[in-house]
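Source: prediction; values computed, not measured. Sequence positions, counted from 1, serve as the residue numbers for this chain.
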Amino acid sequence: MRMTKLKAADYKLIGEIVVLSGMIEDTLKRMPLAMFNIDYIPGISMTAHLKVSSLCDMVLTIMPYFAGSEILNQEVEAAILLARKSSDLRNNIVHGPFWFPTNVPFKGVRRFTARSKLNLVERAMSTDDLREILAIHIQTWKAVSECFVGMTAVSEGRDHLGLPPLRPDFAQKANHQTPIVPGE
C-alpha cells in the first residue's frame with residue numbers, strides 16, 4: 001500500500017465498486033433474457049461474453065419491441081445512461097495502474113483502453129472521488145435492478161396470458177399476421 005499511496009479505506013471502496021460493477025453487468029446480461037422470456041441456462045450463452053456497452057446497446061435495441069409503457073422505456077433509458085457512466089468509471093479504476101513510484105505525486109488513473117490508446121485522467125483520485133464513484137454505482141445498481149424486475153413482470157405477465165414476449169402489435173407484424181378488427 002505504501003507504493004501506491006492508497007489507504008486501506010481506498011482499497012475497500014475499490015472492492016465495493018468492483019463487486020457492484022459485476023452485479024450491474026450480470027443484471028444487464030439477464031435483461032434481454034427477461035425481455036424474450038428465455039431461461040437463464042440456454043439464454044446466457046447469447047450475452048455471456050458481451051461488454052457493458054454492447055449489453056446496453058442490445059437492451060436499447062430491443063426496448064421498442066418490448067415495452068408497452070413509456071414510463072418503463074424512460075426508466076430503462078435512464079438506467080442505461082447510468083450503466084454506461086458506471087462502466088467508464090469502473091474501467092478507469094480497474095484498468096488504471098496505481099503503482100506509480102512513491103516520488104510521483106500522482107494517485108490516479110493512466111490506463112490503456114481496449115484498443116491500446118492511453119487514456120489519461122490528469123487529476124489525482126482521492127478517497128472522496130472513490131466514494132462518489134461508489135455512490136454512482138449504487139444508484140446504477142438500483143436503477144438497473146428495478147428495470148430488470150419491471151421487464152420480468154411484463155414478460156411473465158404476457159406469458160401468463162399466453163402472449164408472446166414482444167409487444168402484441170409488434171408480434172403480429174413479425175409473424176405477418178393482421179389483427180382482427182371487430183365488425184369487419
Side-chain angles (χ1 to χ4, degrees), residues 12-95 113-115 130-182:
K12 180 181 182 296
L13 290 168
I14 290 169
E16 291 175 3
I17 290 166
V18 169
V19 168
L20 276 170
S21 292
M23 292 167 60
I24 292 165
E25 185 175 345
D26 186 63
T27 304
L28 286 170
K29 288 177 181 182
R30 293 169 186 261
M31 280 181 164
L33 308 183
M35 294 163 92
F36 287 120
N37 200 17
I38 299 171
D39 289 334
Y40 178 76
I41 296 298
I44 201 66
S45 64
M46 293 187 314
T47 60
H49 301 291
L50 296 177
K51 59 185 180 176
V52 170
S53 62
S54 297
L55 292 167
C56 290
D57 291 342
M58 180 185 281
V59 169
L60 289 177
T61 300
I62 299 170
M63 277 306 290
Y65 304 101
F66 176 77
S69 160
E70 188 59 33
I71 294 171
L72 179 59
N73 201 22
Q74 290 171 355
E75 288 177 3
V76 170
E77 287 175 3
I80 293 299
L81 284 174
L82 283 170
R84 290 184 194 277
K85 181 178 182 176
S86 293
S87 177
D88 289 343
L89 293 169
R90 174 247 180 227
N91 288 341
N92 283 341
I93 292 169
V94 171
H95 299 293
T113 65
R115 291 176 179 70
L130 292 172
R131 284 189 186 113
E132 184 179 328
I133 291 169
L134 177 61
I136 292 168
H137 275 74
I138 292 169
Q139 181 185 10
T140 303
W141 164 243
K142 287 179 182 177
V144 167
S145 61
E146 287 173 6
C147 288
F148 175 72
V149 169
M151 290 171 171
T152 302
V154 169
S155 183
E156 289 179 358
R158 288 179 182 158
D159 186 54
H160 180 72
L161 295 173
L163 298 171
L166 296 176
R167 286 178 29 194
D169 54 329
F170 279 103
Q172 289 171 348
K173 290 177 188 175
N175 293 331
H176 304 292
Q177 298 174 359
T178 53
I180 298 172
V181 179

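- Every residue two or more places apart in sequence or in another chain that forms a side chain to side chain donor-acceptor pair (under 3.5 Å) with Arg30 is listed here: Asp26.
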Please determine whether side-chain contact (heavy atoms from CB on, under 4.5 Å) holds for the pair Gln139 and Leu82, giving the CA-CA distance in whole Å, both sets of side-chain angles, and the decisive distance to 0.1 Å. CA-CA 8 Å; Gln139 181 185 10; Leu82 283 170; 4.0 Å; yes
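- Residue Cys56 comes nearest to Leu28 through the heavy atom pair SG-CD1, 4.2 Å, listed as atom of the first residue, atom of the second, then distance.
- When all heavy atoms of Phe36 and Pro165 are compared, the pair lying nearest together is O-CG, 3.5 Å.
- Between Met63 and Leu72 there is a side-chain heavy-atom pair separated by less than 4.5 Å.
- The salt bridge (Lys or Arg N to Asp or Glu O under 4.0 Å) search around Glu132 returns none, not counting sequence neighbours.
- Of the listed residues (Leu134, Leu130, Ile17, Ile136), just one forms a side chain to side chain contact (heavy atoms under 4.5 Å, CB included) with Leu89, and that residue is Ile136.
- Taking every heavy atom of both residues into account, Lys29 and Leu50 meet most closely at CE-O, 4.1 Å.
- Across all non-hydrogen atoms, the minimal contact from Pro32 to Ile62 is CB-CD1, 4.0 Å.
- Partners of Val149 according to the side chain to side chain contact (heavy atoms under 4.5 Å, CB included) rule, which considers only residues two or more places apart in sequence or in another chain, do not exist here.
- Residue Thr47 comes nearest to Met58 through the heavy atom pair CG2-SD, 4.0 Å, listed as atom of the first residue, atom of the second, then distance.
- With rounding to the nearest 0.5 angstrom, the CZ atom of Phe148 is 8.0 Å from the CG atom of Leu33.
- Annotation: salt bridge (Lys or Arg N to Asp or Glu O under 4.0 Å) contacts involving residues 145-166, sequence neighbours excluded, are absent.
- Legend: residues meeting salt bridge (Lys or Arg N to Asp or Glu O under 4.0 Å) with Lys142, ordered by chain and number and at least two apart, are absent.
- Looking at heavy atoms from C-beta onward, Val52 lies out of side-chain contact with Arg90 at the 4.5 angstrom threshold.
- With a 4.5 Å cut-off on side-chain heavy atoms, Met31 and Leu55 do not count as touching.
- Side-chain contact check for Leu161 versus Leu163: some heavy-atom pair is nearer than 4.5 Å.
- In terms of heavy-atom proximity, Val59 sits nearest to Met35 at O-CE, 3.9 Å.
- In this structure, Met46 and Ile38 have side chains that are in contact, with non-hydrogen atoms separated by less than 4.5 Å.
- Under the side chain to side chain contact (heavy atoms under 4.5 Å, CB included) criterion, Ser145 pairs with Trp141, not counting sequence neighbours.
- The side chain to side chain contact (heavy atoms under 4.5 Å, CB included) with Ile133 is formed by just one residue from the set Leu20, Ile93, Leu13; it is Ile93.
- Under the side chain to side chain donor-acceptor pair (under 3.5 Å) criterion, the residue pairs touching residues 72-87 are Asp57-Arg84, Ser86-Thr140, with sequence neighbours excluded.
- Side chain of Ser45 to backbone of Pro42: a donor-acceptor contact under 3.5 angstrom is found.
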